[in-house]
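Notes follow once the structure below has been shown.
As the structure lists them, so they are numbered: ligands from 1, and atoms in each ligand from 1. Only a predicted model underlies this, so the values are computations on that prediction, with no experimental measurement involved.
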Amino acid sequence: MRLSQFHLRTEKETPADAEIVSHKLMLKAGMVRKLAAGLYTWSPLGLRVLRKVEAVVREEMNRAGAVEMAMPSVQPKELWEETGRWQKFGPQLLKIRDRKEQDYCFTPTAEEAVTDFARNELASYKQLPVNFYQVTTKFRDEIRPRFGVMRAREFVMKDAYSFHVSDEDLQREYRNMYDTYARIFTRLGLRFRAVFADTGAIGGSASHEFHVLADSGEDALAFSEGSDYAANVELAEAVSPGERPAAAETLRKVDTPVQKTCEDVAALLGIALQRTVKSVALMGVDAEGGPQFVLALVRGDHVVNEIKLAKLPGLADYRLATEAEILEHLGAEPGFLGPLNARRKIRVVADRSVAAMADFVVGANENGFHLAGVNWGRDLPEPDETADIRNVVAGDPSPDGKGVLGLARGIEVGHVFALGRRYSEAMQCTVLDENGKAVHPAMGCYGIGVSRIVAAAIEQNHDDAGVVWPEPMAPWRAAVCIINPKGNADVSAAAESLYRELNDAGIETVLDDRGLRPGPMFADIELIGIPHRIVVSERGLAAGTFEYRARSASESENLDRESLLSRLR
Ligand code: ATP
Ligand code: MG
Ligand code: MG
Ligand code: MG
């Protein structure tokens, strides 16, 4: 590609309305342009990066044995009513009416559509296991679209759905997908962590999220450096003062049970605290008068700070408690609220009337134990499955007691769910097993936020000059820059021939033949994050060398053709 024939439009000024670095740099580099709230046009430059991510995702999904297909973006209401999600998905579901007054939605995820496909296509256990995937546009009417493509309303997701005769086989594929995700994010050059997660509106029995680690991440993760333990602290995201009006609206909605989502509970806590809640640990207390909750703000790995008692539902009884009161309430000694060093997961239903549930991490310290809540959900077990706070949910890992619980921020880029039979049962999807008996296949579903990855990668890989792409995501691996292309025909010819040679050698290279002055030209090439820059100039040509600089290096080197090629191969 020649930049003179491409469309590259960078900006010098940092856009005022962008809050986080990836959003700023994507706008400055001209990768995306906003069409409306949460809706972005991908420029030719941005699209090249998006396609790179897609390619890695496809390659690894194919390698893992999944098969690609494509389902419609617009889906009929009747299908979504079969699983109850026409209602349950809530206001994120964009509903559309056609000229015949029929209702449709724009797909936010495709469990219904794929289960419909499966019930028509799959008849026998012999066709299983199978894992269908697609890379398509999804729409979610996010309450607060922000940070550009990071939390957009329209975005690109890879979603996969697997079907199995047995739970054991589902577990095998879940593990296969877990490993595949780890390979994908490793190949993309991202620093990430897999954590236990809430099963949320999608439902199911087990789930892990994959997070790219970044301080700007919307999720808080609790993990232990000394062991395998890691979980998403879903409650971490709450309201900032500017967002209180929206939160107050949420609070009103909380009165209707189905609205009690993780986000709502977090908003509610934010309002109650009258402050921004950054990292939250919830401590569950099994008081006689019904479940009560103690909220502690966490700083680092210490549970200290302001502590409040919350009595759900209803905030009438919500009041500030002193640390001494909390200790008394728990019957604990001073110092009890120290760092956690051992943990296990339990489930507690916070409020039977709304079936809001929390997964808790139980952290032990030398003073006994206390609880740090990690997840809230609402598609929850029947009330009689309500756990006593001391009950450990079967199948949860047993605590290993290693390490100290730490907190980090993360960006959710992938999510794997063991769904079980929830969708196959609701939609009467069956296959004949070995004995000729009709059985509902067990299902898994596996999502990757393809477009979000582009932004998440920038959060981790940038400097003052712009993006520093990990090579597999870069729009081009190398740029050949011509100094004064019109001024010296030999320089242009040398640059052209190098450009061709590099591409022929499989090194995807762009030629900067726009004739910009060196300063602005180099600034662009750095801003858009090309990993390798080669400058062809009159002086270099005379010396038989090219000026080479890696994007991550601070100095240039003069290399002859051979050394340059071997450097880039
Ligand atoms: P989040 O917690 O960030 O709202 P989610 O848990 O609702 O995400 P999933 O239903 O797990 O999302 O969808 C799979 C993946 O799709 C997510 O892991 C994320 O990477 C991506 N994704 C979800 N919502 C958005 C969005 N609004 N914009 C961009 N990517 C998104
Ligand atoms: Mg979401
Ligand atoms: Mg999530
Ligand atoms: Mg998720």
- request: Please lay out, stage by stage, how Val114 and Tyr423 fare under the test side chain to side chain contact (heavy atoms under 4.5 Å, CB included).
  value: CA-CA 10 Å; Val114 79; Tyr423 289 89; over 6 Å; no
field: Residue pair Glu112 / Thr83, side-chain donor-acceptor N/O under 3.5 Å
entry: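 Yes - a donor-acceptor pair under 3.5 Å links their side chains.
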- prompt: Does a donor on one side chain sit under 3.5 Å from an acceptor on the other, for Ser216 and Glu459?
  reply: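 Yes, a side-chain donor-acceptor pair sits under 3.5 Å.
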For ligand 1 and [X], I'd like to know whether there is a polar contact (N/O to N/O, distance under 3.5 Å).
{"X": "Glu142", "answer": "yes"}
{"X": "Ile448", "answer": "no"}
{"X": "Arg452", "answer": "yes"}
{"X": "Ser451", "answer": "no"}

message: I need the contact type for Met150 against ligand 1. Using non-hydrogen atoms and a strict under-4.0 Å cut-off, is it side chain, backbone, both or neither?
response: backbone
field: Proximity of Ile453 to ligand 1 by residue part, where a heavy atom lies under 4.0 Å
entry: neither
query: Is Arg144 salt-bridged to Glu218, cutoff N-O under 4.0 Å?
result: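 So Arg144 does not pair with Glu218 through a salt bridge.
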message: Between Arg146 and Glu19, does any side-chain N to carboxylate O distance fall below 4.0 Å?
response: no
message: Looking at Thr10, is its backbone amide N or carbonyl O close enough to the side chain of Lys28 to form a donor-acceptor pair, meaning the two atoms are under 3.5 Å apart?
response: no
- request: Please answer whether the main-chain N or O of Leu93 pairs with a side-chain N or O of Lys95 as donor and acceptor at a distance below 3.5 Å.
  value: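 Judged by distance alone, no pair lies under 3.5 Å.
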query: Got Tyr446 and Asn176 here, is their nearest side-chain heavy-atom distance under 4.5 Å?
result: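 Side-chain contact under 4.5 Å: no.
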With a 3.5 Å cut-off and sequence neighbours excluded, list the donor-acceptor pairs that the side chains of residues 56-70 form with protein atoms.
unit_1: Arg58; atom_1: NE; unit_2: Glu68; atom_2: OE1; d: 2.9
unit_1: Arg58; atom_1: NE; unit_2: Glu68; atom_2: OE2; d: 3.0
unit_1: Arg58; atom_1: NH1; unit_2: Glu54; atom_2: OE1; d: 3.1
unit_1: Arg58; atom_1: NH2; unit_2: Glu68; atom_2: OE2; d: 3.0
unit_1: Glu59; atom_1: OE1; unit_2: Arg187; atom_2: NH1; d: 3.0
unit_1: Glu59; atom_1: OE1; unit_2: Arg187; atom_2: NH2; d: 3.2
unit_1: Glu60; atom_1: OE1; unit_2: Arg63; atom_2: NE; d: 2.8
unit_1: Glu60; atom_1: OE1; unit_2: Arg183; atom_2: NE; d: 2.9
unit_1: Glu60; atom_1: OE2; unit_2: Arg63; atom_2: NH2; d: 2.9
unit_1: Glu60; atom_1: OE2; unit_2: Arg187; atom_2: NH1; d: 2.9
unit_1: Asn62; atom_1: OD1; unit_2: Tyr133; atom_2: OH; d: 2.8
unit_1: Asn62; atom_1: ND2; unit_2: Arg58; atom_2: O; d: 3.3
unit_1: Glu68; atom_1: OE1; unit_2: Tyr133; atom_2: OH; d: 3.3

Taking only heavy atoms of [X] into account, list the atoms of ligand 1 that are under 4.0 Å away from them.
{"X": "Val149", "answer": "29 (C)"}
{"X": "Ala152", "answer": "26 (C), 27 (N), 28 (N)"}
{"X": "Arg140", "answer": "5 (P), 7 (O), 9 (P), 10 (O), 12 (O), 13 (O), 23 (C), 24 (N)"}
{"X": "His415", "answer": "11 (O)"}

field: Contact check, Val156 vs ligand 1, heavy-atom distance below 4.0 Å
entry: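 False for this residue.
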- prompt: Is Thr109 in contact with ligand 1, taking contact as a heavy-atom separation below 4.0 Å?
  reply: no
- request: Would you please name every residue forming a ring-ring contact (aromatic ring centres under 6.0 Å, His included) with Phe117, sequence neighbours left out?
  value: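 Partners of Phe117 by the ring-ring contact (aromatic ring centres under 6.0 Å, His included) criterion, ordered by chain and then number, come out as Phe132.
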message: Quick check on the Mg ion (ligand 4): does Glu412 put an N/O/S atom closer than 2.8 Å to it?
response: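 A backbone or side-chain N, O or S atom of Glu412 is under 2.8 Å from the Mg ion (ligand 4).
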message: Which atom name would you report as the N, O or S atom of His415 nearest the Mg ion (ligand 4)?
response: ND1
message: I'd like the name of whichever of Met157, Lys158, Glu154, Glu412 reaches closest to atom 2 (O) of ligand 1 through any heavy atom.
response: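 Going through Met157, Lys158, Glu154, Glu412 one by one, Glu412 has the nearest heavy atom to atom 2 (O) of ligand 1.
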